[in-house]
Amino acid sequence: MNPFTPSPETAVHLSRVDKAFRHGDLVTPILKQVEFTARMGEMTFVVGPSGCGKTTLLSVLCGTLDADAGEVTTLGHALHQMSPAHITRFRSRNVGFIFQQFNLLPTLTAAENIAVPLRIQGVSAGKAIPRAREWLARVGIPEKANERPNRLSGGQQQRVAIARALVHEPALIVCDEPTSALDSATGHQVMDLLRETGRASQRAVIVVTHDPRIYSYADCVAQMEDGRILRVTASVPDAPHSTH
Amino acid sequence: MTDIGLRMLFGDRAKYAMLVSGVCFATILMTQGLALFFGILGFSYATMTNIRAPIWVVDPLVQQAGDNQPLRDTDVNRVRSVEGVAWAAPLYVGNAQARLLTGGATQPLMLVGLDADTLAGAPTKLVEGSIHDLRQPDSVVVDARFLEMMGALRGVQLKLGDAFEMNDRRAVIVGIAKVAQGMAGATYVFTTWDRARHYAPAQRRMLTHVLASPAPGKTEAEVAQAISRQTGLRALTEAEFKRMSARWMLFNSPIPYVVGLIVGIGFIIGLGVSGQTFYTFVLENTRQLGALKAMGASNLKLALMIMTQAGIVGVVGFGLGVGVMSGFFAMLPEGRAPLVLLWQIPVIVLIAITLICMGTALLSVWRVTRIEPAIVFRA
Ligand SMILES: Nc1ncnc2c1ncn2[C@@H]1O[C@H](COP(=O)(O)OP(=O)(O)O)[C@@H](O)[C@H]1O
Ligand SMILES: [Mg+2]
């Protein structure tokens with residue numbers, strides 16, 4: 001039996017989670033009996049070598065991918081027991097996404113891109129766009145409201161993505177390699193911004209990365225290797241600490 | 001959400017133009033195929049378009065308008081004596097040959113002999129001369145195209161008052177009529193029924209049809225039935241005779257296959273080109289759609305978005321196609337090309353285009369439901 005009961009400050013809890021990918025007869029286990037916890041108000045980092053299963057873990061905990069076995073409790077919802085339609089609605093209300101490749105819609109302006117999570121929830125363009133503009137100001141580029149993504153630098157695009165992840169004020173932000181496509185200085189600016197605007201007492205931020213330059217932003221670090229969480233520490237001992 | 005879909009669609013002008021032109025092309029192909037179909041169908045009953053009468057009486061074996069079987073001269077009076085018939089008039093329709101007075105090769109034509117008293121069935125659109133001059137000796141009224149043909153093929157431009165020969169008899173042009181083209185491009189020459197006897201190749205019987213009209217208060221259908229019953233001949237209303245002729249052509253000529261092929265190719269090209277372009281458009285947007293899905297857009301919302309996109313492409317492409325075709329038809333010389341743009345054609349094509357777009361949209365929606373939202377994390 002799993003003795004875990006979600007405490008108020010627990011945002012995400014995974015227990016004995018398995019996930020494998022199948023190609024015909026070939027079954028490749030990616031997550032192996034994973035135990036993982038992330039708390040509200042913290043920035044939790046999942047670090048580890050490329051291919052160890054970090055992105056898969058992130059997908060499972062935010063509900064974009066089903067686990068094969070085990071329990072996934074996110075923001076008090078038992079995702080492993082929910083129907084796909086419920087999980088989709090859960091994501092639209094509770095999860096903000098920040099991707100390595102930004103994934104902004106190229107034909108929409110910056111403000112329109114930021115408004116997308118609100119539009120998905122059914123908020124009209126008339127109400128969503130002004131809120132998107134406020135968020136654009138908070139991420140420091142208010143003058144870019146009507147620009148399309150291809151007219152923005154990588155750092156600016158990731159700022160737009162941060163605004164998009166926060167505009168509907170979700171309780172969970174998931175970030176997959178948010179700085180990998182950026183140079184070091186821009187990466188630090190983006191992480192500073194994320195820490196300032198994203199960290200809140202009623203929100204958990206989970207960052208997956210193999211970029212040691214940003215480990216120092218973590219409140220808590222889960223080290224992963226070959227589909228398992230090896231250890232959880234308050235910081236990474238062998239990573240450079242105060243580079244920002 | 002649909003406005004986001006529209007921005008996706010209009011955002012890439014080149015791709016949008018490709019999508020629309022596929023539908024437009026399919027619309028053009030199908031419209032012109034169907035117009036050709038109805039145009040050629042019109043040939044099958046050109047006789048009834050050019051010779052107007054409420055009721056046609058023919059030999060019981062006649063299957064279609066082009067089949068001119070001889071009747072007995074006395075059949076006119078037998079029809080006349082049927083209760084409910086207001087008038088009945090003899091008519092001759094048959095082949096004849098024209099030749100210039102100076103000799104040379106002959107030109108085939110359709111000879112129409114009208115009742116001299118009533119001129120029942122006479123052409124209504126005369127561009128020159130008068131139909132009543134048919135009562136003068138040796139007079140004929142010719143189809144405007146007959147003059148063109150004689151001019152082009154026999155080298156002499158005949159005009160009102162000029163004469164030519166049929167069966168070695170003089171024929172003086174007293175009128176020029178505008179009539180619909182018959183099958184195999186036949187041109188018409190009208191004269192009186194008595195005179196047709198001299199112009200036509202020698203034959204025993206000179207009556208091919210009896211034209212009739214119902215008395216006031218009677219319908220064409222009931223009088224036609226009465227005539228059939230009492231005379232043993234076949235009496236048809238104009239509409240029935242047209243329908244019968246069209247149906248005969250449908251089942252007895254290769255034309256429907258040829259035209260069906262054109263329309264079918266239009267449909268398949270529409271489905272292939274538009275369908276494939278749209279599907280590719282959706283595939284290329286997989287990442288964007290995946291991002292929307294990850295952010296919590298339901299399959300239903302995305303399906304509505306895709307269907308709106310497909311609908312817009314369909315409507316715009318169809319509108320352009322119909323516009324192009326209307327312009328094209330407006331430029332055609334009147335009554336010459338075997339193309340008829342009935343109002344039904346755009347309706348039929350619209351249904352076909354709707355099917356194409358719905359099929360395409362459904363395929364794309366199916367594809368979208370299979371997009372894993374987790375793909376957005378992959379680089
Ligand atoms: N959809 C998938 N199908 C098959 N294999 C996959 C799929 N997604 C990820 N993998 C494999 O799973 C392993 C772990 O991937 P991932 O979770 O992305 O690792 P990380 O983010 O730590 O680099 C990799 O070897 C990857 O190739
Ligand atoms: Mg990864």
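Quick note on labels: first sequence line is chain A, next is B, and so on, each numbered from 1.
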I'd like to know if the side chain of [X] reaches the main chain of [Y], judged simply by a donor and an acceptor atom lying under 3.5 Å from each other, with no hydrogens or angles considered.
X         : Y         : value
Arg159(A) : Val139(A) : yes
Gln32(B)  : Thr27(B)  : no
Gln81(A)  : Ala78(A)  : no
His168(A) : Leu118(A) : no
Asn285(B) : Gln288(B) : no
Arg119(A) : Ala128(A) : no
Lys293(B) : Ile371(B) : yes
Thr109(A) : Glu112(A) : yes
Ser298(B) : Lys301(B) : yes
Asn103(A) : Ala291(B) : no

Please find the pair of heavy atoms, one from [X] and one from [Y], that lie closest to each other, and give the distance.
X         : Y         : result
Ala20(A)  : Pro29(A)  : CB-CA, 3.7 Å
Arg164(A) : Asn113(A) : CD-O, 3.3 Å
Arg133(A) : Ala145(A) : NH1-CB, 3.4 Å
Gln157(A) : Leu152(A) : NE2-O, 3.4 Å
Thr197(A) : Ile162(A) : OG1-CG2, 4.1 Å

(request) Let me know which of Arg228(A), Arg16(A), Met224(A) forms a side chain to side chain contact (heavy atoms under 4.5 Å, CB included) with Leu31(A). (result)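 Testing each of Arg228(A), Arg16(A), Met224(A) against Leu31(A), the sole residue satisfying side chain to side chain contact (heavy atoms under 4.5 Å, CB included) is Met224(A).
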
Strictly less than 4.5 Å between heavy atoms, which residues of [range] line up against chain B? Please order them by number.
range                       : answer
residues 173-181 of chain A : Val174(A), Asp176(A)
residues 52-70 of chain A   : Thr55(A), Thr56(A), Leu58(A), Ser59(A), Cys62(A), Thr64(A), Leu65(A)
residues 82-95 of chain A   : Thr88(A), Arg91(A), Ser92(A)

(message) So which residue, Ala297(B), Ala294(B), Ala374(B), Pro373(B), ends up with the most heavy-atom pairs under 4.5 Å with chain A?
(response)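 Of the options given, most contacts go to Ala294(B).
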
(message) Which one wins on heavy-atom pair count under 4.5 Å against chain A: Leu300(B), Asn299(B), Leu292(B)?
(response)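 So the answer, after comparing Leu300(B), Asn299(B), Leu292(B), is Leu292(B).
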
(message) Can you tell me if Gln276(B) has over 12 outside heavy atoms packed within less than 6.0 Å of its CD?
(response)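 Open: at most 12 neighbouring heavy atoms sit under 6.0 Å from CD of Gln276(B).
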
(request) Measure centre to centre between the rings of Tyr217(A) and Tyr215(A), then say whether the value is under 6.0 Å. (result)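 No, the ring of Tyr217(A) stays outside the 6.0 Å limit from the ring of Tyr215(A), centre to centre.
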
(message) Quick check on the structure: residues of residues 3-24 of chain B within a heavy-atom distance below 4.5 Å of chain A, by number.
(response)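 Expected list: Asp3(B), Ile4(B), Arg7(B), Met8(B), Gly11(B), Asp12(B).
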
(request) Count the heavy-atom pairs under 4.5 Å between each of Pro117(A), Pro106(A), Ala125(A) and chain B, then report the option with the highest count. (result)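 Of the candidates given, the most pairs with chain B belong to Pro106(A).
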
